[in-house]
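Quick note: residue numbers are just sequence positions, from 1.
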Amino acid sequence: ETKQAKVNFSRISLAFVFHSRKRSFHEVELQIPEFSKPIEKLDFPLNYTFLKREQFEETGSSYSFRYEFGKLLGDKAKPINFLLSAGINPYYVQLEYTPGLSNDFYSSVTYYGFALNATPRLYFKLNRHFSIDLNSPIRLYNFQGLVHRQDNPILPVRQQRITKTNHLFFEPVYTIRLGLMWHLYT
């Protein structure tokens, strides 16, 4: 049995930004769901560790989206601007361990909850239709539920499913997002 930490640089998502006339904006980011991926290839940005055990098939699934409300802090006419936004990020991640031998038991760990973020942004206007958004959400708070399930008939039923909740502040999960924006209208 080994424990591993995860770092990745490949998460792709689709975001829609709606601007208002008062220099504010709404952004909805839809992260591409992951279904039954090998656990070491799971790309969801969450501070979790996973186990690697011989004779087990380890898979993971994740679902999430992010909503942010923000303000433009500079001059809208300038090509480079600073923006600040706050957002909420609900999520669901399930890690499953399926045994390959008949004397082992299925187990899973499920994380669910929501994170509250503050996001500083740099916005580069390339031309009338394209711009680049560079930002890094800072995770201020994370409400996290955790359900650990182990289908071992030797254990009492209440020990086969353990549920915990955590309130995590300034969790060490770091994300850098780089987006190419295409403006439908200007």
In this structure, CG of L83 is separated from CG of L72 (nearest 0.5 Å) by 5.0 Å
Not counting sequence neighbours, list each pair that qualifies as a side-chain hydrogen bond (donor to acceptor under 3.5 Å, both in side chains) and has a residue in residues 158-167. Y141-H167
According to the salt bridge (charged side-chain N to carboxylate O under 4.0 Å, His left out) rule, which pairs have a member within residues 88-100, sequence neighbours left out? none
Enumerate the salt bridge (charged side-chain N to carboxylate O under 4.0 Å, His left out) contacts for residues 100-120, please, sequence neighbours excluded, ordered by first and then second residue. none
How would you list, by chain and number, every residue that makes a side chain to side chain donor-acceptor pair (under 3.5 Å) with S131, sequence neighbours excluded? Y123, H183
Could you work out, with side chain to side chain donor-acceptor pair (under 3.5 Å) as the rule, every residue matching D151, not counting sequence neighbours? R149
By side chain to side chain donor-acceptor pair (under 3.5 Å), D133 pairs with (sequence neighbours left out) R121, N135
I would like to know whether W182 and F130 meet side-chain contact (heavy atoms from CB on, under 4.5 Å); could you show each step before the answer? CA-CA 5 Å; W182 176 53; F130 288 99; 3.7 Å; yes
Which atom pair, heavy atoms only, marks the closest approach of N89 to Y91? O-CD2, 3.5 Å
Any side-chain heavy-atom pair of T119 and E27 under 4.5 Å: no
Test side-chain contact (heavy atoms from CB on, under 4.5 Å) on T98 and T59 and set out the steps. CA-CA 8 Å; T98 306; T59 59; 5.5 Å; no
List in chain and number order the residues that pass ring pair (Phe, Tyr, Trp, His ring centres under 6.0 Å) with F35, two or more places apart in sequence or in another chain; answer none if no residue qualifies. Y63
Treating Ile, Leu, Val, Met, Phe, Trp and Tyr as nodes and any side-chain heavy-atom pair under 4.5 angstrom as an edge, say whether M181 and L14 lie in one connected cluster. no
Apply side-chain contact (heavy atoms from CB on, under 4.5 Å) to residues L180 and I132 and explain how you reach the verdict. CA-CA 5 Å; L180 176 63; I132 293 175; 4.2 Å; yes
Go through L84 and K71 one step at a time and tell me if the side-chain contact (heavy atoms from CB on, under 4.5 Å) criterion holds. CA-CA 6 Å; L84 186 61; K71 279 286 214 193; 5.8 Å; no
Please identify each residue that fulfils side chain to side chain donor-acceptor pair (under 3.5 Å) with N117, with sequence neighbours left out. none
Residues two or more places apart in sequence or in another chain: which of them pass ring pair (Phe, Tyr, Trp, His ring centres under 6.0 Å) with F16? none
Sequence neighbours excluded, the answer for side chain to side chain contact (heavy atoms under 4.5 Å, CB included) partners of F65 is L30, P90
Check for a donor-acceptor pair, side chain of S61 on one end and backbone N or O of S36 on the other, with a separation under 3.5 Å. yes
Do the non-hydrogen side-chain atoms of Y97 and S108 ever get within less than 4.5 Å of each other? no
Checking F114 now: which residues fulfil ring pair (Phe, Tyr, Trp, His ring centres under 6.0 Å) with it, not counting sequence neighbours? F143
Taking all heavy atoms of I138 and all of P120, pick out the closest pair and write down the distance. CD1-CD, 4.1 Å
Would you call R66 and P137 a side-chain contact if the rule is heavy atoms closer than 4.5 Å? yes
Identify, with sequence neighbours excluded, every residue that meets salt bridge (charged side-chain N to carboxylate O under 4.0 Å, His left out) alongside K37. E34, D43
Would you say F105 ends up clustered with L95 if hydrophobic residues are merged whenever their side chains have heavy atoms under 4.5 Å apart, either directly or through other cluster members? no
